[in-house]
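Below is one structure, written out as structure tokens, with a few remarks after it.
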Amino acid sequence: MDPLHQFAIKPIFTVIIGGTDVSFSNSSLSMIAVVVMVFSLMTLGMRSRSLVPGRLQSLAEVLYEFIAKMVRDNAGHDAKPFFPFVFTLFMFILFGNLLGMIPGAFTFTSHIVVTFAMAAFVFLGVTLLAILKHGIKFATFFMPHGVPLWMAPILVPIEIVSYLSRPISLSVRLFANMMAGHTMLKVFAGFTILMMGSGTALGYVAGVVPVVINTALIGFEIGVALLQAYVFTILTCLYIKDALELH
Amino acid sequence: MKILNGAADGTFRRRLVATLALMALVLVATVGTALASGGEHGSGGLPQLNPATFATQWFWLVVSFITLYFMLFGVALPKVEEVLGAREGRISWDITKADEIRNESNAVLAATDRMLERTRAQAQEIISRTSGQGHASGKMLMERFDIELSRRTREAESRILTARNAALGELDRTAVELAQEVATRLAGIEVDGARIAEAVKAVIKERV
């Protein structure tokens with residue numbers, strides 16, 4: 001009945017490396033499942049390598065071209081080497097979100113530590129890339145062109161705070177969306193159980209209402225799952241563009 | 001892409017607001033439930049904030065993400081790229097080939113046009129030349145025809161004249177014989193041929 005119970009990490013078998021507990025849990029299982037699913041889709045789909053694609057191959061190609069276009073349009077032509085990473089990131093989040101829509105399945109993107117780790121990696125990688133590419137000129141990133149110098153004391157701290165908050169907003173956006181959606185579904189499902197559990201005829205009739213609402217919400221949540229994977233990925237592309245071009 | 005871009009511009013903001021509103025609603029529900037269930041579970045709070053689970057999640061995240069990255073980077077994406085490249089190559093090859101064929105057919109068409117032009121000019125020339133010749137020979141023919149015609153006309157006229165004279169002579173003779181016969185049968189007299197001929201001649205002259 002606890003709507004947060006679905007987020008609990010349950011170890012499946014214990015793994016301890018260097019004295020740290022890294023047990024294989026329901027979260028790890030979902031991640032490995034996503035790896036298997038994504039890899040299967042991309043290889044089984046392309047198995048025939050036909051010039052005229054079938055359904056699965058079309059899907060694999062559409063995903064490839066979708067992300068390739070996103071990287072090209074939002075991160076620029078110099079960002080081509082980052083395409084495999086961006087593609088992996090998109091597929092990992094997308095399938096993580098969608099896998100979570102299966103009742104009973106664990107949604108690892110609803111864990112802030114997971115989304116924050118990904119966002120932090122993107123943030124650190126992009127910052128490192130900018131410093132390696134532009135050296136000390138990277139500092140000019142925090143002072144936009146054409147702004148009077150006397151505004152610098154106000155503007156530069158704002159820009160720095162805004163830059164530093166990127167990984168937080170990036171990770172919290174995904175985490176909060178997924179967690180909120182899944183909690184909401186569980187809360188409404190809980191209402192039905194409470195109402196029907198009352199044993200009265202009225203309870204049984206009224207218990208149908210949350211089911212109807214949940215049906216609509218599941219559609220909405222699938223939309224959120226797609227959209228949040230897209231948002232995370234496109235923001236990563238924009239950060240890469242900033243690092244490459246220092247606007 | 002376009003749809004999603006559109007979503008990223010206008011619809012996205014609205015959806016974000018809706019999501020945030022729902023999140024606030026759910027947060028109230030969550031906090032309420034968490035407070036209510038706090039007694040049972042003891043620990044309460046979000047499972048996401050339990051530090052004991054951080055290491056395992058990071059570890060498996062790194063393992064699975066790196067695995068997926070190298071699987072896609074090394075195996076899957078080159079395959080997709082190869083197929084897309086092959087298709088693009090095939091399409092551009094087809095387009096080049098089609099261009100070649102079109103150029104070729106244009107050249108053939110131009111050659112045909114030139115040939116047609118030349119042939120037409122030749123035909124024109126021949127027509128104008130032959131029509132000049134035709135005119136000249138026609139004139140000659142006409143003259144020859146005229147001469148021939150007049151000659152034949154004259155011949156025919158003389159032949160007609162002879163025939164008419166012969167016919168008239170015959171008629172005279174027949175008339176004389178007839179008159180002689182009539183005179184012998186009716187009057188019972190023998191009339192001298194010369195006199196009858198004279199009389200017949202006088203009658204014919206009177207009649208004609």
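Lettering of chains follows the sequences in order, A, B, ..., and the numbering in each one begins at 1. Keep in mind that the numbers below use all heavy atoms, side chains included, and drop hydrogens, waters and symmetry copies.
Annotation: maximal heavy-atom pairing with chain A below 4.5 Å, among B/Ala55, B/Ser64, B/Ala52, B/Ala76, occurs at B/Ser64. Contact tally against chain A (heavy-atom pairs below 4.5 Å) for B/Trp58, B/Phe73, B/Trp60: the top residue is B/Trp60. Counting heavy-atom pairs under 4.5 Å between each of A/Ala60, A/Ser23, A/Ala68, A/Ala117 and chain B puts A/Ser23 at the top. Contact count against chain A (heavy-atom pairs under 4.5 Å) is highest for B/Val80 among B/Thr67, B/Val62, B/Leu49, B/Val80.
Within the 4.5 angstrom heavy-atom criterion, only side-chain atoms of B/Glu82, from C-beta onward, approach chain A. For A/Ser50, the part sitting under 4.5 Å from any heavy atom of chain B is the backbone (N, CA, C, O) and nothing else. With a 4.5 angstrom heavy-atom cutoff, A/Tyr64 touches chain B only via side-chain atoms. In this structure, chain B has heavy atoms under 4.5 Å from both the backbone and the side chain of A/Leu89. The contact between B/Arg87 and chain A is made by backbone and side chain atoms together, counting heavy-atom distances below 4.5 Å. With a 4.5 angstrom heavy-atom cutoff, A/Pro11 does not touch chain B via any of its atoms. Heavy atoms closer than 4.5 Å to chain A are found nowhere in B/Ile91, neither backbone nor side chain. Residue A/Gln6: no heavy atom, backbone or side chain, is found under 4.5 Å from chain B. For B/Leu61, the parts sitting under 4.5 Å from any heavy atom of chain A are the backbone and the side chain alike. Only the side chain of B/Val75 comes within contact range of chain A, with at least one heavy atom under 4.5 Å from a heavy atom of that chain. With a 4.5 Å cut-off on non-hydrogen atoms, A/Phe24 touches chain B through its backbone and its side chain both.
Heavy atoms from other residues, nucleotides or ligands lying under 6.0 Å from CD of B/Glu155 number more than 12. Summarising the local packing, CD of B/Glu117 is surrounded by 12 or fewer heavy atoms from other residues, nucleotides or ligands at distances under 6.0 Å. With a 6.0 Å radius and a threshold of 12 heavy atoms from other residues, nucleotides or ligands, B/Arg152 has its CZ atom at or below the threshold. Within 6.0 Å of atom CD in B/Glu88, 12 or fewer heavy atoms from other residues, nucleotides or ligands are found, so the atom counts as exposed in its surroundings.
Ring geometry for A/Phe85 against B/Tyr69 counts as tilted: the plane angle lies between 30° and 60°, on a 0 to 90° scale.
None of A/Ile112, A/Ile9, A/Val22 except one satisfies the side-chain contact (heavy atoms from CB on, under 4.5 Å) rule with B/Gln57; the exception is A/Ile9.
The side-chain heavy atoms of A/Thr20 and B/Phe59, taken from C-beta on, include no pair separated by under 4.5 Å. You'll find the side chain of A/Ser28 reaches within 4.5 Å of the side chain of B/Thr56, heavy atoms only.
Of all heavy-atom pairs spanning B/Leu72 and A/Thr88, the tightest one is CD1-OG1, 3.6 Å. Nearest heavy atom pair, residue B/Pro47 against residue A/Leu4, reads CG-O, 3.3 Å.
Atom CZ in A/Phe175 sits 6.0 Å away from atom CG in B/Leu46 (nearest 0.5 Å). Residue B/Leu84 holds its CG atom at 5.0 Å from CD of A/Glu65, rounded to the nearest 0.5 Å.
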